[in-house]
S.K.: 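Right, I'll just put the structure down here and ask away after.
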2 protein chains.
Amino acid sequence: MLGRMTTDTPARLLQLLSLLQTPREWPGGELADRLGVSRRTVRRDIDRLRELGYPVEASKGADGGYRLVAGKAMPPLLLDDEEAVAIAVGLRAGAGHAVAGVDEASVRALAKLEQVLPARLRHRVATLQAATTPLTMGDGASIAPETLTVMASAVAGRERLRFVYRAADGSETRRQAEPYRLVSTGRRWYLVAYDLDREDWRTFRVDRVSEPFATGARFAPREMPTGSAAEYLRRSIQRQQETYGFAVAFAGTAAEVAARLPGWLGTPVEEEGGGGGWCVVRGETGDPVEWLAVRLVMAGHEFVVREPAELVACVRELGGRLSRAGGA
Amino acid sequence: MLGRMTTDTPARLLQLLSLLQTPREWPGGELADRLGVSRRTVRRDIDRLRELGYPVEASKGADGGYRLVAGKAMPPLLLDDEEAVAIAVGLRAGAGHAVAGVDEASVRALAKLEQVLPARLRHRVATLQAATTPLTMGDGASIAPETLTVMASAVAGRERLRFVYRAADGSETRRQAEPYRLVSTGRRWYLVAYDLDREDWRTFRVDRVSEPFATGARFAPREMPTGSAAEYLRRSIQRQQETYGFAVAFAGTAAEVAARLPGWLGTPVEEEGGGGGWCVVRGETGDPVEWLAVRLVMAGHEFVVREPAELVACVRELGGRLSRAGGA
DNA sequence: ATAACTAGGACGGGATCTGTCCTAATGCCT
DNA sequence: AGGCATTAGGACAGATCCCGTCCTAGTTAT
């Protein structure tokens, strides 16, 4: 009877969870060794994890073992340093141009992760981030991930926010606001907040915000003005959003083209009564036209832009530049 | 004295950790309420977390509170459903074309996450993944994230792997192998494994692998052949890798061009004694030339490709296609 | 100054945890 | 078919730990 070792139960459970998250099978004996407890205790711990809702699967028989499988709820993720860095970099890279719907959660996750990311890993993230900078947009309206995470934290923590806002005419003003929600539509981000100086609700374009920081001050949430908050958000943002429709004809059958086209762009439809082997893709987007043009040309099919005029102009310009680059 | 509530200590600690990961401050009283224990116990729990290495910071004074800050080690990440989905989607999007160094960890993290991702979230990930498919490569050498995660799990779990391999000439063969390591260089992924049929070590290009699955069978790791494993890997992959050098002249000063060019492409240098306002970028990459061409044209400066010939041809082709798309 | 919070010591009773037995059932390998 | 290693779980006793209830001290914003 050697008595209990120094490590206490909760720590051991966490360690066990960490071990089980490695994608392999762990025999009870090995776990007992690693955790420094008896085999019986390991069985009890595993029972406990199961009761907590983390489904541990066991294979019986010789070289059986335990392994954590998918269950009803997300168990706590136990990441090593490199994995944490990889996730941070991945999320930051995607923060600017993700899909509608994921991106808010993505920013929340990033904020959560960066809140607890050890200092020694931060510079690694920053370095890699710099190396992986994606192609900058035509209008340079890129958003620093830091800006988003600071804002997300402020929203979640109900803290007042100070920042500099650059209006459409280029003039900059200092603002102080109570951030209410961070939303993204297409590729644009908006902060809905109560502007304390203007004493009214405002919607800010995040790409025009700089130097945001959360003052420690907490605030009690206000009522949104016009009835439903969701409705207000929708209208408030729609007013600011600049989307445009486009129509492009591709050479090829609808099936051929669809196979090479990113799904979110739109679905190609065969042109009625048109000349054989052409189909048309119509859609709407808020992306810069350069971005769209690149997507279209990478599909590998001949195509003709029908609208808008801006896209036609952009396609011509890029085409000319590329042709000249080829020394034609 | 109401006695102890039903929840046991480890569960409570996990719940506490989860609450503290919300980016806000929690007063002790509120935590006590939520956890259903006395305030004193909350203090003790927080002490415990600190001893475990998770630094909980406390603000004293009125409306102070607790909050989890960055410490020495990564605490377990407690994600809600949406955050988990966002991370999965982000990592999968980045899996194909991440930066050297991060990507292996990135795949490990993805494998870890998908191992425990609740079933009801999986289809959401798949749906979003389909929507966010990036521009497909010219040569179609894209890799399904599933392939990578299956392989990563097999490597970590020392499980045998079966898959179909498409050789360079297009012929397909079934393989059975003991996966040793998954490495990525530039944008290419390689699986280093012991081929059980050929009875020798092989390096497989992952983009030529299909239908991989891990048979349950475990194997004992073999010795790598030529001395240092790292050395073998390096040479084995170098043999397969096809990189090429490129040289591109840009109109503009080095500073101007550098500002618009992704950093990993290379650093522009002013041409000696050349005509004013041109600079040259030289680099080496394994990317498909289409990808490179897009990066170059998005920089927004006039440019001329000097080498390689493939890039010149590609630039001409894309330029022609775009010009025709503009109806020129 | 007052209020509200964190920080932590002392104490006792009850719950809990652990190791050591034990038996049963399952699957793999020879 | 038989043997072996594994998971699964009951019973028990003793040491340990945990929790709530007191208490005091220190800090900060109002």
Side-chain angles (χ1 to χ4, degrees), chain A residues 1-16 19-20 24-52 55-69 159-160 215-220, chain B residues 1-16 19-20 24-52 55-69 159-160 215-220:
Chain A
M1 194 200 314
L2 272 152
R4 195 181 304 190
M5 292 308 278
T6 165
T7 58
D8 55 343
T9 320
R12 179 161 38 86
L13 273 182
L14 244 53
Q15 201 185 342
L16 177 58
L19 288 175
L20 288 177
R24 55 163 287 197
E25 292 223 326
W26 295 89
E30 196 170 345
L31 290 177
D33 275 358
R34 289 235 187 187
L35 302 176
V37 291
S38 79
R39 209 169 290 198
R40 183 67 181 91
T41 301
V42 168
R43 279 203 294 275
R44 274 195 275 249
D45 283 355
I46 288 193
D47 261 1
R48 179 106 120 238
L49 287 184
R50 286 180 179 146
E51 275 166 23
L52 281 175
V56 180
E57 199 180 60
S59 344
K60 294 189 158 191
D63 85 45
Y66 299 95
R67 124 194 309 178
L68 190 59
V69 299
E159 286 185 47
R160 283 192 186 163
T215 81
R218 297 264 277 287
F219 63 89
Chain B
M1 195 196 315
L2 273 151
R4 196 180 304 193
M5 291 310 277
T6 164
T7 58
D8 55 342
T9 321
R12 179 161 37 87
L13 273 183
L14 244 52
Q15 200 185 342
L16 177 57
L19 288 176
L20 287 177
R24 56 163 287 201
E25 294 224 321
W26 294 89
E30 196 170 344
L31 290 175
D33 275 359
R34 289 236 186 185
L35 301 175
V37 290
S38 79
R39 210 169 290 195
R40 183 69 182 91
T41 301
V42 168
R43 280 204 293 275
R44 272 195 277 249
D45 283 355
I46 289 194
D47 262 2
R48 180 105 123 243
L49 288 183
R50 287 180 179 147
E51 274 165 24
L52 282 175
V56 180
E57 200 181 58
S59 346
K60 295 190 160 191
D63 85 45
Y66 298 95
R67 129 197 303 175
L68 190 60
V69 299
E159 286 185 46
R160 282 191 187 164
T215 81
R218 297 263 278 286
F219 63 88

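From a predicted model like this one, the values you see are computed outputs, not experimental measurements. To find a chain, count down the sequence lines: A is the first, B the second, and so on, and within it residues start at 1.
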S.K.: Between C:dG19 atom C1' and A:L35 atom CG, what is the distance in whole Å?
M.R.: 15 Å
S.K.: Check the distance between D:dT6's P and A:E30's CD and give it to me in whole angstrom.
M.R.: 10 Å
S.K.: Whole Å only: how far is the CZ atom of A:R67 from the C1' atom of D:dT7?
M.R.: 15 Å
S.K.: Counting side-chain heavy atoms from C-beta on, which of D:dC18, C:dT6, D:dT7 comes nearest to B:P27?
M.R.: C:dT6
S.K.: Is there a side-chain contact between B:T9 and A:T9 in this structure, where contact means two heavy atoms from C-beta onward sitting under 4.5 Å apart?
M.R.: no
S.K.: Test A:Y66 against every option in A:V56, A:L19, A:L16, A:L49 by the side-chain contact (heavy atoms from CB on, under 4.5 Å) rule and name the one that passes.
M.R.: A:V56
S.K.: In Å and rounded to the nearest 0.5 Å, what is the CH2 to CG distance from B:W26 to B:L68?
M.R.: 13.0 Å
S.K.: Should A:R39 be listed as having a side-chain N or O under 4.0 Å from OP1 or OP2 of C:dT20?
M.R.: no
S.K.: Can you tell me the distance, in whole Å, between the CH2 atom of A:W26 and the P atom of D:dT7?
M.R.: 13 Å
S.K.: Below 4.0 angstrom, N of the basic side chain to O of the carboxylate: do A:R44 and A:D47 qualify?
M.R.: no
S.K.: In the structure I gave you, are the side-chain heavy atoms of A:I46 and A:L31 within less than 4.5 Å of one another anywhere?
M.R.: yes
S.K.: In whole angstroms, how far is the C1' atom of D:dC18 from the CG atom of B:L16?
M.R.: 16 Å
S.K.: Quick check for you: among D:dC18, D:dG20, C:dC17, whose closest atom lies nearest to any side-chain atom of B:R48?
M.R.: D:dC18
S.K.: So which nucleotide from C:dT6, D:dG9, D:dG20 ends up closest to the side chain of B:V37?
M.R.: D:dG20
S.K.: How would you list, by chain and number, every residue that makes a side chain to side chain donor-acceptor pair (under 3.5 Å) with B:R48, sequence neighbours excluded?
M.R.: A:D8
S.K.: So which protein nitrogen or oxygen atoms get under 3.5 Å of nucleotides 21-30 of chain C's nitrogens or oxygens?
M.R.:
none

S.K.: With a cut-off of 6.0 Å (strictly less than), are more than 12 heavy atoms of other residues, nucleotides or ligands near CZ of A:R39?
M.R.: no
S.K.: In whole Å, I'd like the distance from the CG atom of A:L49 to the P atom of D:dA8.
M.R.: 12 Å
S.K.: Looking at the side chain of B:Y66, which of C:dT6, D:dG9, C:dC17 is the nearest nucleotide?
M.R.: C:dT6
S.K.: Using atom CD of A:E51 as one end and atom P of C:dT16 as the other, report the distance to the nearest whole Å.
M.R.: 12 Å
S.K.: Please figure out whether A:S38 or B:G28 has its closest DNA chain C nucleotide nearer the 5' end.
M.R.: B:G28
S.K.: Would you kindly give the CZ-to-C1' distance between A:R44 and D:dA11, to the nearest whole Å?
M.R.: 10 Å
